[in-house]
Structures are given as structure tokens and as C-alpha cells.
Amino acid sequence: MALVFPIVSCDDFLEITPRDVLGIDQVFETENDFFVALNGAYNNIQNERYYGGHFYIIADASSDNGIIPADAETSRVPQFYNMQFSAPVSAIGFWDEAYETLARVNNVLEFLEEKSFSQDVMDRIKGEAFFLRALIHFDLSRVFAQDYNFTTDHSNLGVPIVRKTEIAQPARNTIGEVYGFVLEELTEAITLLEDNDRPQALPVQFIASREAALGVRARVYLYMGEDALARDDANAVIASGFDLTDYIVRDDAGAVDLSQIANWSSRAPTSESIFEVEVDERDDEYPGLDGLAGYYQKDAGSAVFGPNLDIINLYAADDVRRNWYQQDNGIWHVNKYPGQGGLPLQFTTPIVRLTEMYLIKAETCARLNDEDGARTAINLIRGRANQPDINSTGNQLLNDILEERRRELAFEGHRFFDLKRLQQDIVRNDCSLTVNCVVPYGDKLMAYPIPQEEIDGNSNIVQEGY
């Protein structure tokens, strides 16, 4: 190298920045730069390794809802269903995508400290960043840790809390510390995002909002067993102006058309959409496939995961939500994310919707001995699915509510995590495996192992159980 550049020392040469590359300090200059960076973070979480695929597959394939269909062409991530985990066989794609997104968000917050934009702009940028940072840490803990109440003092290991983008070897924080951090960030986001419009226009459902932060905080409180707090946050979202969509389609004579479900198949944002991610042709991970449809729908892809009969049989014959599933030669597939299927290459994936808030309200009211409030909330959900009211009481009422939650939120990223927080076993009656058809609560399989590449590169990571 000295022969080629005789007047440049090695140190000087290594410090030269390529002329076509911007330093990160040059990236964050204007208000728009920060919003563009946040848009990049939203793009990350809609990736096929996060909400666009792996995270939602984990939630149902590793639960009593999922199965690999008999006609599956391939199975890109069979470990999620088989649950034969080890450090080399885990959810490495989701781990990488989540921490890569945290790096983007932390860069936003770090370089924002040097700016003096208007207070509204500063609040908006911080609010969105805090929301995303909380959501990602919460999601990571749901996959890679046991539940919040696994130990009475919440000392079981969670995931590393990462507040700064740097080359480091962070240790795992306790689950109590992770939840505490998540709540702090969400509470700050709720304050910062109140009555604060985004200067850079985007559809409101695709960016953080006060209601989205309240909805996620309600979910966090539910996982913690803080029923009154979860109910209060759910009520705040319910009162904020969103409306439940009607699932029922009627024929010309006014009879319920059981072959259709309204306000779902196009999956455009609806009146109950609070926070969603959008997938379109720019986000194609595989040519001709469409995000989750490429995993679930036979018409759109290889249908590598599907519903088992345990979940199919929970729907009554006249429940219009049965249209979320379709049969092909007697084999059931998920049709909740229709993908191409004759539609434009575009759909949205719900992360927080109003329905979940009513389900949280129903569950927490039942535990808080407000049975009238619980029944009112759950019967709104059942009525728009063409189902009769629930009139049960006591433990039966709570069980009915939890069963309705399973029906309504199936294949939306909840079931595996619900079983963990409820401290219930995974029991798959319709199971194609020779092992792990039953996974008892507290088993190591209820928490995915930290991926091998993280263990290899981070000497401070402690692996539990594997």
C-alpha cells in the first residue's frame, strides 16, 4: 500500500471516508432526515423476519393453533412448529431484525439530542422512537423469555435492554427490568404523542400514536397481571373514537351470508385499525409471494403453516369468522392474509386493533368481579361474528372470554404468548409430531433459546435451559 500511495500514511489512508458515503452525523441534519430514519424503522418491523412473517408464525405455530399442512410444499422455518430448539435452531431472523431496528431507533434519539427543532417536532420524533423501542423490547421478551410472573420477584432472565447503538456485549436484563423499561418508554410516548400531528404525512394507522401506545401498554399490563391498569388503558383506547367493524354480510333478503366476512378480505385499514404495518409490492421478500400470505395461503404461496383442527373446531358453523380459513382437498389453510389471491399486491398486518381492547376489557373486568362489564364487552365481539350472547358467570365466564380471545385473535401474533402469560400447557390434540404435542407450562421450550451467533459474539449472554 505504501508503494501505491507513498505520501499517505497508513493511518491517514484508513481514515479517508469514501466520497459516495455519508457519515451518520451527516444523515441526521433536517427534521425530515429524522422522520425518514423512523420510516426506515417501521419498514424493518414489517420485514418478513418480524411482523411480516416470523413473529406471527411463532405465535401460532408454537401453540395449540398451528400445524404444518399435509400439502405443504416446503417449510422454511419448521422449528417454530416442531419446537425442537437449540441455540443454532431458534428465531435468529427475528432476533437480528429486532436489534437492527433498535439500532436505527437509538440513532434517532442520540442525534436528536444535538438538535433544536420546534417542541412539537421534538416531541413527535421522541414519542415515535420511544414507542418503537418499547414495542421491540416487549416483543423480544415475549419470544426469548419466560413470562413476567414465572418467578415471584420477576428475576428470571429477559433480553438485553439496548439504549444506545454501539459495539458492545450487553448482558440479559431480568424480565422485571425489561417490563419496567417498556412501561417507562410507553408512558413517555403517550405523553409526547398526545394531540401531536406528524409533520410528514403518512396514513395514521402506520405510525405511532397516543392510542397505539396506550393499546400496547394495556397489553403489557395484561401480561403482568395488573388487571385494573390494563382495563383502564383499554377503556381509554375504546373511548378515543375508533369503531368496531361489522363482520356480517347479508344477502338481498337480509339473511346472513355465511360464505363471507366483511371488512377483512381487502385488509385495508378499517375503523378499528390502531396500529398496523403495510406490505405491498415494494416489500416482497419472495417474488410472487406476499408476506404472511406466502406462509399461510395455498393460493399465494407454499402454505408452510396452517390451522389445526383444534382451532377450526372452536368456530360454530354459523360463525362468519370461519371464512378466515379455507379448505383445499380437505386440508385447512389460513385465509386471514389473502395476499395476491385476485387482489392487488397489498395488505396490512394488524398489530393493535380495537377488538383486542374489548377483549382485554372483558378479561380484566371478569377478574375484577365486574361481570356485567365483562359480558357487555365480549358480547360486542361475538355479536358482530353472528354469535349469541354469553350469559355465564364466575370461572366459566372467564373461560368463555379466553376462548373467544383465541377465536378472534387467531394468527395475529398472540396465542403462544397468551398460553405463557396464563401459565397454561400447550396441548395439541391435532398434532403431526411424535414429540412436543404437549409442552407443559414452565418447560424450557416456552422460551426460545438465545441464537448461537449472539452467544458466540457476546460473552456476557447467559443461556437458560438449553
(request) Before accepting this row, confirm whether a basic side-chain N of the pair Glu363/Arg231 lies closer than 4.0 Å to the acidic partner's carboxylate O. (result) no
(request) For Asp310 and Arg428, indicate whether the former's side chain and the latter's backbone hold a donor-acceptor pair under 3.5 Å. (result) no
(message) Please determine whether a side-chain nitrogen of the Lys or Arg among Asp233 and Arg217 lies less than 4.0 Å from a carboxylate oxygen of the Asp or Glu.
(response) yes
(message) Check this for me: does any side-chain nitrogen of one of Arg142 and Asp139 sit under 4.0 Å from a carboxylate oxygen of the other?
(response) yes
(message) Please tell me whether Tyr50 and Tyr56 form a close aromatic pair, meaning their ring centres lie under 6.0 Å apart.
(response) no
(request) Given side chain to side chain donor-acceptor pair (under 3.5 Å), test Asn308 with Asp430 step by step and report yes or no. (result) CA-CA 6 Å; Asn308 62 22; Asp430 180 20; 5.3 Å; no
(request) Measure the acute angle between the ring planes of Phe94 and Phe55, then classify it against the limits of 30° and 60° as parallel, tilted or perpendicular. (result) tilted
(request) For this output row, return yes or no: ring centroids of Tyr223 and Phe138 closer than 6.0 angstrom. (result) yes
(message) Strictly below 4.0 Å, N to O, side chains only: are Arg405 and Asp418 in salt-bridge contact?
(response) yes
(message) Please report whether the ring centroid of Trp324 lies less than 6.0 Å from that of Tyr296.
(response) no
(message) Check this for me: does any side-chain nitrogen of one of Arg321 and Glu404 sit under 4.0 Å from a carboxylate oxygen of the other?
(response) yes
(message) For Tyr51 versus Thr349, what's the shortest heavy-atom pair and its separation?
(response) O-CG2, 3.8 Å
(message) Is it true that Thr270 and Asn263 share a donor-acceptor pair across their side chains at a distance under 3.5 Å?
(response) no
(message) Give me the atom names and distance for the closest heavy-atom approach of Tyr148 to Gly176.
(response) CE1-CA, 4.1 Å
(request) Report yes if the distance between the aromatic ring centroids of His137 and Phe181 is under 6.0 Å, otherwise no. (result) yes
(message) Is the shortest side-chain heavy-atom distance between Ile390 and Leu397 below 4.5 Å?
(response) yes
(request) Give a yes or no on this: more than 12 heavy atoms of other residues, nucleotides or ligands lie within 6.0 Å of atom CG of Asn395. (result) no
(message) For a quick test of reading the model, state the closest non-hydrogen atom pair linking Ala129 to Val105 and the distance between them.
(response) O-CG1, 3.4 Å
(message) Assess whether a salt bridge exists between Glu408 and Arg353, defined as any Lys/Arg side-chain N lying under 4.0 Å from an Asp/Glu carboxylate O.
(response) yes
(message) According to salt bridge (Lys or Arg N to Asp or Glu O under 4.0 Å), who are the partners of Arg104, at least two apart in sequence or on a separate chain?
(response) none
(request) Decide, yes or no, whether a salt bridge links Glu356 with Arg219 under the criterion of side-chain N to carboxylate O below 4.0 Å. (result) yes
(message) How close do Ala189 and Phe130 get, counting heavy atoms only, and between which atoms?
(response) CB-CB, 4.1 Å
(message) For Val178 versus Ser141, what's the shortest heavy-atom pair and its separation?
(response) CG1-CB, 4.0 Å
(message) Could you check whether Arg172 pairs with Glu454 (Lys NZ or Arg NE/NH1/NH2 to Asp/Glu carboxylate O, under 4.0 Å)?
(response) no
(message) Please tell me whether Tyr337 and Phe411 form a close aromatic pair, meaning their ring centres lie under 6.0 Å apart.
(response) no
